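It should be emphasised that the depicted structure is a prediction, and the values quoted were computed from it without experimental measurement. No hydrogens, no waters, no symmetry mates; every other heavy atom, side chains included, goes into these values.
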Amino acid sequence: MINGEGPSLRYRLGLDRTITPEDGRVINDRFQVTDALSDADRWSGRASLTLSQQLRVTFNWRMEESQQENLTYRILETGQPGADTTRTGDISVSAWSFSASYIDLFRSQLDQYRLDCGEACSSGILLPDTLQSTVLTNRQVYSSFQSSYLVLGARGRMPIPLPSWNISYTGISKWPLIRLLFQNATLRHGYSSTFSADFRSNLRGGELDNFSLGGGQVISFVVPGEEVDAVRINERFQPLIAVDLTLKGNIQTSIAWNKTNSYSLSTTNNVVNENRSNEISITASWAKSGLRLPFFRRTLNNRINFSLSLSRIANDDRSFYIRRAMEVAALDPDFDVSLVLEEPYVDVLTSTSRIQIQPKIAYQFSNVVSADMFVQYEDFIGDSRRLPYTTINGGFNFRVNFSH
């Protein structure tokens with residue numbers, strides 16, 4: 001409290017979030033005074049449907065949004081106190097992205113350019129030196145990314161939340177051939193996708209700016225008051241399809257096909273990165289207890305377990321350069337859009353695959369003595385950026401527990 005004055009009653013009761021200079025706040029050039037105000041909203045939902053005794057479906061919704069407002073107080077040129085306001089925020093929402101298409105994104109930008117350019121672009125002869133357009137601008141590329149990589153991608157700050165799901169079906173156990181060979185069988189499928197983006201305010205919002213496109217043409221645009229920093233989509237089919245089987249003799253096995261796709265948009269250089277992973281895995285295990293051993297007349301409380309896992313994972317990582325292709329397409333009214341999936345408009349960063357095999361056998365003689373042995377085999381098939389290699393590791397563990 002200074003000179004008998006202090007924060008207002010509304011501030012003390014939490015009705016006001018900050019103390020302004022009008023409320024008696026002391027502002028001095030020798031000090032930097034900043035208020036950081038944060039808000040966060042989180043919503044989630046879950047629903048389970050039992051459509052039959054064999055079929056169960058679970059849905060999950062999620063939506064998060066946070067914002068931070070920074071008020072930096074200073075003495076203005078007029079001699080009066082004032083504040084510079086900057087805002088940042090981020091969103092994260094469950095969405096559907098199995099319709100992702102980079103070609104659709106590029107086509108939407110090219111269509112926008114030709115729409116703004118008019119007859120000059122259709123003729124391909126006369127192009128304006130300066131064109132007023134939103135093509136390749138921050139918010140326009142963000143909107144195109146939403147509509148091209150999301151199902152029901154809204155042209156707004158946040159797309160429509162759509163649920164992820166998990167499906168389990170045990171009815172295949174009753175199919176004639178399955179029932180003849182296996183004791184139990186279950187089909188599984190799961191899908192989840194998350195869309196996230198970061199935002200920031202721009203103090204230059206409302207001003208005119210420009211950049212140079214191919215052929216020396218200048219694109220003029222209005223700077224938005226809020227810009228997008230980075231956009232990300234993480235999509236998982238985990239599994240795309242899987243079957244869990246139980247055979248007679250206590251043998252269990254599982255075959256699964258998993259897919260993971262990651263997409264990201266860099267708004268600073270108009271580059272889209274796509275990383276796709278494809279995995280097929282097979283696991284099997286067998287266990288038996290109470291084995292009879294030579295020289296032991298009675299059945300021991302022992303257990304033997306054998307497991308085997310095999311997997312093949314293929315990864316593909318590449319970058320798509322929107323502006324690089326636009327500089328060529330802007331000068332060619334007959335540009336073939338399918339070319340944007342080829343070099344030099346695309347860089348393949350990695351294209352590799354990996355095969356892994358791991359058998360393991362474990363034996364527990366009693367609660368005191370146990371041992372296991374394993375072998376790990378890995379065959380990495382690389383490319384020009386990562387050399388191929390093959391590794392084989394093995395090990396043996398013997399454990400004795402003492403207690404008294």
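- Looking at His189 and Trp257, their side chains never come closer than 4.5 Å, going by heavy atoms from C-beta outward.
- The CG atom of Leu240 sits 12.0 Å away from atom CD of Glu279, with the distance rounded to the nearest 0.5 Å.
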Going through the checks in order, is the salt bridge (Lys or Arg N to Asp or Glu O under 4.0 Å) test met by Glu235 and Lys259? CA-CA 8 Å; Glu235 179 187 46; Lys259 296 185 67 176; over 6 Å; no
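- Thr88 contributes atom OG1, which lies 5.0 Å from atom CD of Gln68 (distance to the nearest 0.5 angstrom).
- Proximity of a side-chain donor or acceptor of Ser94 to a complementary backbone N or O of Leu162 within less than 3.5 Å is detected.
- Counting only distance, with no hydrogens or angles, the side chain of Asn250 and the backbone of Ala287 share a donor-acceptor pair below 3.5 Å.
- Across every non-hydrogen atom of Pro224 and Asn202, the tightest pair is O-CB, 3.6 Å.
- Heavy atoms only, all atoms of each residue included: Arg157 and Ile91 are closest at O-CD1, 3.1 Å.
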Check the pair Trp286, Leu247 against side-chain contact (heavy atoms from CB on, under 4.5 Å), reporting the backbone distance first and the verdict last. CA-CA 10 Å; Trp286 171 80; Leu247 292 80; over 6 Å; no
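- When every heavy atom of Val223 is checked against every heavy atom of Arg204, the shortest pair comes out as CB-O, 3.6 Å.
- With hydrogens and angles disregarded, no donor-acceptor distance shorter than 3.5 Å links the side chain of Thr134 to the backbone of Thr137.
- Between the OG1 atom of Thr194 and the CZ atom of Arg62 there is a distance of 4.5 Å, given to the nearest 0.5 Å.
- Atoms OG1 and CG, from Thr58 and Leu49 in turn, are 8.0 Å apart once rounded to the nearest 0.5 Å.
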Hey, mind stepping through Tyr149 and Glu274 against side chain to side chain donor-acceptor pair (under 3.5 Å) and telling me if it holds? CA-CA 11 Å; Tyr149 279 77; Glu274 294 188 359; 2.6 Å; yes
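- Between the side chains of Tyr321 and Glu327, not a single donor N or O lies within less than 3.5 Å of an accepting N or O.
- Taking all atoms of both residues into account, the shortest heavy-atom contact from Ala47 to Trp61 is CB-CZ3, 4.2 Å.
- With a 4.5 Å cut-off on side-chain heavy atoms, Leu208 and Ser220 count as touching.
- Figure legend: cation-pi geometry between Arg323 and Phe211, with NZ or CZ positioned under 6.0 Å from the six-membered ring centre and within 45° of its axis.
- Two residues are said to be in side-chain contact when any heavy atoms from C-beta on lie closer than 4.5 Å; Thr85 and Glu69 meet this criterion.
- With a 4.5 Å cut-off on side-chain heavy atoms, Leu341 and Phe320 count as touching.
- The backbone N or O of Thr352 sits nowhere less than 3.5 Å from a side-chain atom of Thr350 that would complete a donor-acceptor pair.
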Pair Thr283-Ser307, side-chain contact (heavy atoms from CB on, under 4.5 Å): steps then yes or no: CA-CA 7 Å; Thr283 60; Ser307 63; over 6 Å; no
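- In this structure, Ser148 contributes its side chain and Leu105 its backbone to a donor-acceptor pair below 3.5 Å.
- Judged by distance alone, the side chain of Trp96 and the main-chain N or O of Ser192 form no donor-acceptor pair under 3.5 Å.
- Remark: the Thr50 side chain and the Arg56 side chain contain an N/O donor-acceptor pair separated by less than 3.5 Å.
- Heavy atoms only, all atoms of each residue included: Tyr113 and Leu131 are closest at CE1-CD2, 3.6 Å.
- Remark: Arg399 CZ is packed, more than 12 non-hydrogen atoms of other residues, nucleotides or ligands lying under 6.0 Å away.
- Put simply, the side chain of Asp383 does not reach to within 4.5 Å of the side chain of Val348, judged on heavy atoms.
- At a threshold of 4.5 Å between non-hydrogen side-chain atoms, the residues Phe221 and Leu136 do not count as touching.
- A donor-acceptor contact under 3.5 angstrom links the side chains of Tyr142 and Gln146, judged on distance only.
- Side-chain contact, Asp379 with Thr390: a donor N or O sits under 3.5 Å from an acceptor N or O.
- A donor-acceptor contact closer than 3.5 angstrom is absent between the side chains of Arg232 and Ser262.
- For Gln53 against Thr170, the heavy-atom pair with the smallest separation is O-OG1, 4.2 Å.
- Trp175 and Tyr169 have tilted rings, their planes meeting at an angle from 30° to 60° on a 0 to 90° scale.
- Taking OG of Ser48 as the start and CZ of Phe59 as the end, the distance is 9.5 Å to the nearest 0.5 Å.
- Contact check for Gln356 versus Gln376: no side-chain heavy atoms found under the 4.5 Å cut-off.
- Of the inter-residue distances, the one linking Leu265 atom CG with Thr267 atom OG1 reads 6.0 Å to the nearest 0.5 angstrom.
- Between Asp111 and Arg114 there is no salt bridge, since none of the side-chain N atoms of the basic residue sits less than 4.0 Å from a carboxylate O of the acidic one.
- Glu227 and Asn138 share no side-chain donor-acceptor pair at under 3.5 Å.
- Looking only at distances, no side-chain donor or acceptor of Ser144 sits under 3.5 Å from a matching main-chain atom of Ser108.
- Residues Asn397 and Phe374 meet the side-chain proximity criterion, which asks for heavy atoms closer than 4.5 Å.
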Could you go through the side-chain contact (heavy atoms from CB on, under 4.5 Å) check for Arg87 and Phe199 one step at a time? CA-CA 8 Å; Arg87 295 180 178 88; Phe199 300 86; over 6 Å; no
Evaluate the criterion side-chain contact (heavy atoms from CB on, under 4.5 Å) for residue pair Arg188 and Ser254; output intermediate values, then yes/no. CA-CA 10 Å; Arg188 294 184 290 111; Ser254 178; 3.9 Å; yes
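- Ring pair Tyr191/Trp165: centre-to-centre distance below 6.0 Å.
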